[in-house]
Amino acid sequence: MEEKLKDLAQKLFGKEILDLDDKELYLLLSEFSNNLLNKIEKPKKSDRKLYYFSAEFLLGKLLKNNLSNLGIRDEVKEILSKNGKVIEKAEEFEAEPSLGNGGLGRLAACFMDSFANLGLNAEGIGICYHFGLFRQKFEDYKQKEVKDPWLDDSNALIKTDTKYDVNFKNQKVEATMYDLPISARKDSRSTIHFFDIDSVDESIVKEGISFDKKDIEKNLSLFLYPDDSDEDGQKLRIYQQYFMVSCGGRYILDEYIKNGGKLEEFGDKIRIQINDTHPTMIIPEMIRLLTSKGLSFEKAVEEITKACAYTNHTILQEALEKWNYQMLEDVVPALMPIIEKLDEIVRGKYDNEKVYIIENKKEDEKNPEKLTRIVHMANIAIHFSSKVNGVAQLHSDILVNETLKDFYEIYPDKFENVTNGISFKRFFHNCNEDLTKLIESLIGPEFKDDPNKLEELLKFQDDPEVLDKFLRVKEISKENFSKYVKEKEGVDLDINSIFDVQIKRLHEYKRQQMNALYVIDTYLKIKKGILPKNPITVIFGAKAAPSYYMAKNIIHLILCLQELINKDEDVNKYLKVVMLTNYNVSYAEKIIPATEISEQISLASKEASGTGNMKMMLNGAVTLGTLDGANVEIRDLVGDENIYIFGKKADQIIDLYEKDSYKAKEIYEKNEDIKKAVDFIVSKEILEIGDKEMLESLHNDLINKDYFMALIDLEEYIEVKNKLIEAYTDKRSFAKMAINNIAKAGFFSSDRSIRDYNRKIWNL
Ligand SMILES: *Cc1c(COP(=O)(O)O)cnc(C)c1O
């Protein structure tokens, strides 16, 4: 291998390995592993093929995982070291492809890993965004967004000869398909097909992430989720969605026909998974394509309904996409007659407005004649799919009993649950080598192929020697992470403090604001001389959507608290706060091994599943959480003695929303400590640091609205969190809880999720 690497270095750069800079080293290794990857044959053509459509693929860096999964990383590392180079430098150089927002996008990426690992005949379809979401910076304790380029220095994508024209109402764009090979093991891989427009122009991005939203021929593939707070932004999202399904749909059909597939058997041979509502237009588009090839409309509807299945990711109304009919018409007029006909089919069969596809909405009561037509994308996806699934048992139950009840009554057999999972390779074996080595020394290597074998760890749960070894590994992870944080954020962390971590998108339902109020409460108590049982470091990582005002206010508060608390010599021995900059997959891989408390504190019923909870459990953290999403399943697996649960239950919360009876102000006025913590947001100390308007707005919202009920669970949260911190002082008993969590995490492998999908939905 050494000779091959040297030859490649000569060929690419005319240099010895020793003389390569980090970028060249990265390109060398990336080229080397890509060549190996591309030699792996695609999975055997089986009778059926799955195409996984997703607006997001939150991939994370590729090189390290590729080398590890190909089984050559140790050897390459040694060769480089012999030639005076450090492999990690090359791996660090890689720009992360952050083509996703959060859990949904990371799920798609984990599923690709599992397709490869299990050797399934399945591929991904997506858009090649040049800047992903955005890169987060902090200025004046506020989030600023800048573009997040990754393509320039990468050679991960392979340009193909596959090209399509995509026709919109007023213009046509030319598309090219780029393939990204996904590794899992020496002999198996998968592929994501990313489509890009040929006329894309990165230079139209000006200040931050702003650009001309009307210039479709240049902007279509620049950003994931461009700001849609105005009509041009909304239209751009429609352009993107149609672009993805139009290219993907034609690719499927071309490949199918090329391989001798018969149109009338399409629904039997092809599987299309619609990841959230964004790719829903594949349904009318595929009907359009099939009818253009000669299939009757009825038959096309039948075949596409058999082929498609839809995954719902949320019960938040704001995320169940609906588009203004006129706007859709302005972008994709060719789909409108099909959507009309689908709506007619539904109206002909069912006498319930809630399941119609097109809603005729009265805009104002004074002028009831004036109707706006709204197209409900989820309703298309539910009627014209063979299966609909939620992503954790509680979420699937809520869909069936509440959110999608009217549909469940029509189609009781359509609904399934498939609990989410994570790639153990990326979030365990490859990011926490010390822990996996320790586990291997205890139970052998079988757990790497069969994660349920992790249960064998239970026999060591009372072995003090093993517990101490585990604690030592955790300590080393904390040291490594602290070094990184010092370098990157300029903050000193105390290894002896408990690392309490909340890393996820910033959203009020996830309740980072509740955690911030815990921080304030603890700060105020320390000031009064009431010290925590163990020093604590509260670590946040979160991006706020650029136009989500309240989320940005919460980031602002956390950054102000960080400034105040970390500088206060009376307090910082016991409490510190860090908001990590630009939380992404690479950051996740660094922090997860170092995590001790996994904060999963969403308002019950609102977090569909969560996958961060699984990653941290697997790496030996103890969950502090509500009975929401997959936390429920984690609790069932590890038992009450190995998890810290608090807060109102989902049915109580759903009831409060139904009766509209939650009043934050009553809690605020009744509970002295809560009042003090909330009011501290606009205290003299914080206002000296922060922005009055933002802080007052947050303060006012918490008292008078608090739509996601941070205050309802605050008192119990503080109490239970402090109990957990106290429990931490008995290190071995804490380690025992951690080991119980690792041992039971096997269920959350994305390989298990994909097997479930295959059994319940695809039958590949
Ligand atoms: C896993 C992951 C998420 C999802 O986290 P949740 O806590 O489930 O919301 C979001 N972002 C990144 C970068 C992740 O790796």
Side-chain angles (χ1 to χ4, degrees), residues 54 56-62 65 95-114 132-136 148 150 224-225 275-276 313-314 316 319 390-392 394-395 419-428 430-432 500-512 514-515 539-545 551 580-595 597-603 606-619 621 623-626 628-634 708 745 748-750 753:
S54 183
E56 305 183 25
F57 287 93
L58 186 47
L59 295 164
K61 293 185 184 191
L62 302 162
N65 275 269
E96 166 174 334
S98 281
L99 314 186
N101 184 12
L104 178 159
R106 186 52 236 177
L107 185 79
C110 285
F111 283 0
M112 298 308 304
D113 291 348
S114 285
L133 193 67
F134 61 83
R135 186 175 295 169
Q136 180 189 55
D148 192 13
W150 67 283
L224 167 68
Y225 301 145
N275 192 30
D276 213 21
H313 282 269
T314 180
L316 297 183
V391 291
L394 175 69
H395 170 61
T419 299
N420 280 171
I422 55 171
S423 160
F424 277 32
K425 289 196 160 77
R426 181 174 290 269
F427 291 109
F428 192 33
N430 297 341
C431 79
N432 200 345
D500 169 60
V501 177
Q502 187 172 18
I503 43 173
K504 45 187 76 249
R505 283 181 303 125
L506 208 134
H507 199 291
E508 288 164 277
Y509 86 76
K510 293 179 182 275
R511 296 198 294 190
Q512 283 96 347
M514 185 166 79
N515 195 352
I539 300 167
F540 293 91
K543 289 182 189 174
L580 308 174
T581 313
N582 197 41
Y583 172 60
N584 58 9
V585 177
S586 314
Y587 227 140
E589 288 166 28
K590 293 201 154 64
I591 184 165
I592 288 165
T595 298
I597 301 180
S598 163
E599 294 272 353
Q600 308 300 338
I601 60 177
S602 55
L603 178 64
K606 296 296 181 190
E607 185 72 88
S609 163
T611 49
N613 46 3
M614 304 168 187
K615 297 169 197 165
M616 299 203 221
M617 162 198 202
L618 175 62
N619 285 271
T623 304
L624 169 59
T626 49
D628 200 15
N631 296 352
V632 177
E633 285 156 78
I634 295 178
F708 290 102
F748 296 110
S749 161
S750 50
S753 301

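Both counts, for ligands and for their atoms, begin at 1 and track the order of listing.
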Query raised in the report: Of all heavy-atom pairs between Gly102 and Leu58, which one has the smallest distance, and what is that distance?
Result: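 Looks like O-CD2, 3.5 Å.
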Query raised in the report: Where do Ser753 and Gly421 come nearest, in terms of heavy atoms and distance?
Result: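 Taking Ser753 first and Gly421 second, the nearest heavy atoms are OG-N, 3.0 Å.
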Query raised in the report: So among Asn582, Asn584, Leu59, which one has a side-chain contact (heavy atoms from CB on, under 4.5 Å) with Ser98?
Result: Asn584
Query - Donor-acceptor contact below 3.5 Å, side chain Asn631 vs main chain Thr626 - result: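 Such a contact is found between Asn631 side chain and Thr626 backbone.
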Query raised in the report: Can you check whether Phe748 reaches Thr419 side chain to side chain, under 4.5 Å on heavy atoms?
Result: yes
Which pairs of N or O atoms, one from ligand 1 and one from the protein, are separated by less than 3.5 Å, and what is the distance for each pair?
{"from": "ligand 1", "atom 1": "7 (O)", "to": "Lys504", "atom 2": "NZ", "distance (Å)": "2.6"}
{"from": "ligand 1", "atom 1": "8 (O)", "to": "Thr611", "atom 2": "N", "distance (Å)": "2.7"}
{"from": "ligand 1", "atom 1": "8 (O)", "to": "Gly612", "atom 2": "N", "distance (Å)": "2.9"}
{"from": "ligand 1", "atom 1": "9 (O)", "to": "Lys510", "atom 2": "NZ", "distance (Å)": "2.8"}
{"from": "ligand 1", "atom 1": "15 (O)", "to": "Lys615", "atom 2": "NZ", "distance (Å)": "2.6"}

Query raised in the report: Can you tell me if Gln600 and Lys504 form a side-chain donor-acceptor pair at under 3.5 Å?
Result: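 Judged by distance alone, the side chains do pair up.
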